[in-house]
Amino acid sequence: MAQPEYVPLRDRYDPGTTAEEAAQAFHEIMVKRRTVREYSDRPVSEETIRWLIRCAGSAPSGANKQPWRFVCVQDPDIKREIRLAAEEEERAFYEHRAGKDWLEDLEPLGTDSSKPFIEVAPWVIVAFKLTKTDDGGNVYYINESVGLACGFLLAAAHAAGLATLTHTPSPMGFLSKVLGRPEHERPFLLIPVGYPADDVRIPKAALSKKPLDEIMLVR
Ligand code: IYR
């Protein structure tokens, strides 16, 4: 086996304060993130989106294969096509695909099959997972990897003052067709990105997060 080549860890991030203070400060930023379903049409520059994708692309991944592609859509015609196809799937979901329990769980969030945000938000980012590398090689821990990259993307958008929504129309096959993606790429998440509408409201139920002692154990 060939020995890996190593380089020193340079450019270390230094928060300039204690880890505890920095962790608390970052929490103060992240805890203000909200999933937003109503957007302003205020433009967001392509360069901003490029920074968000650079950030997503910095995520760790299985064997560093980076099994993701982010298709960033601003073209109103394509957004419309995506919206119409997504709403068709969602109508089937809300009318008969979702069971009673699932619909009951969604009730407090007020979601339904209408997805205007796909057209109103200036950008819709469709994250695809790669089931093979572009040259046919293996990829590993695909869902974990793409999930992490999407998490980075959401955090980056939030840090830029932008809102997001993780939308999962199901099934999502139409996105491959509309966006002309090859067989080895599978739609993973649809993420509108933009400024929240001025009069945006958030379902109260989405605000409650589990207390720390319910999600954390120390041993
Ligand atoms: N995909 C549907 C339903 C939906 C499912 C879950 I789980 C949510 O947290 C929110 C919605 C939709 O987008 O409306």
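Just so you know, these numbers come straight off a predicted model, no measurement behind them. Counting convention: from 1, in listed order, for ligands and their atoms alike.
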Closest non-hydrogen protein atom to atom 6 (C) of ligand 1, residue and atom name please, with distance?
-> Leu106 CD2, 3.5 Å
Report yes if some N/O of Tyr94 lies less than 3.5 Å from some N/O of ligand 1; otherwise report no.
-> yes
Which of the atoms in ligand 1, numbered in the order shown and given with their element, are less than 4.0 Å from a heavy-atom of Trp102?
-> 5 (C), 7 (I)
Residue, atom name and distance, where the atom is the protein heavy atom closest to atom 12 (C) of ligand 1 = Glu90 OE1, 2.6 Å
The atoms of ligand 1 lying under 4.0 Å from a heavy atom of Lys115, numbered in the order shown, are 12 (C), 13 (O), 14 (O)
Would you call Glu87-Lys115 a salt bridge at under 4.0 Å N-O?
-> no
Number the atoms of ligand 1 from 1 as they appear, then name those within less than 4.0 Å of a heavy atom of Phe93, with their elements.
-> 3 (C)
Basic-acidic side-chain contact under 4.0 Å: Glu89, Arg97 = yes
Atom indices of ligand 1, in the order listed, that fall short of 4.0 Å to a heavy atom of His167 | 12 (C), 13 (O)
So the ring-ring contact (aromatic ring centres under 6.0 Å, His included) pairs with at least one residue in residues 154-174 (sequence neighbours excluded) are Phe117-His167
Judging by distance only, is a nitrogen or oxygen of Thr168 under 3.5 angstrom from one on ligand 1?
-> yes
Side-chain ion pair, Glu47 and Arg54, N-O less than 4.0 Å | yes
Taking C-beta and beyond as the side chain, do Phe70 and Cys150 meet within less than 4.5 Å on heavy atoms?
-> yes
Before accepting this row, confirm whether a basic side-chain N of the pair Lys32/Glu28 lies closer than 4.0 Å to the acidic partner's carboxylate O.
-> no
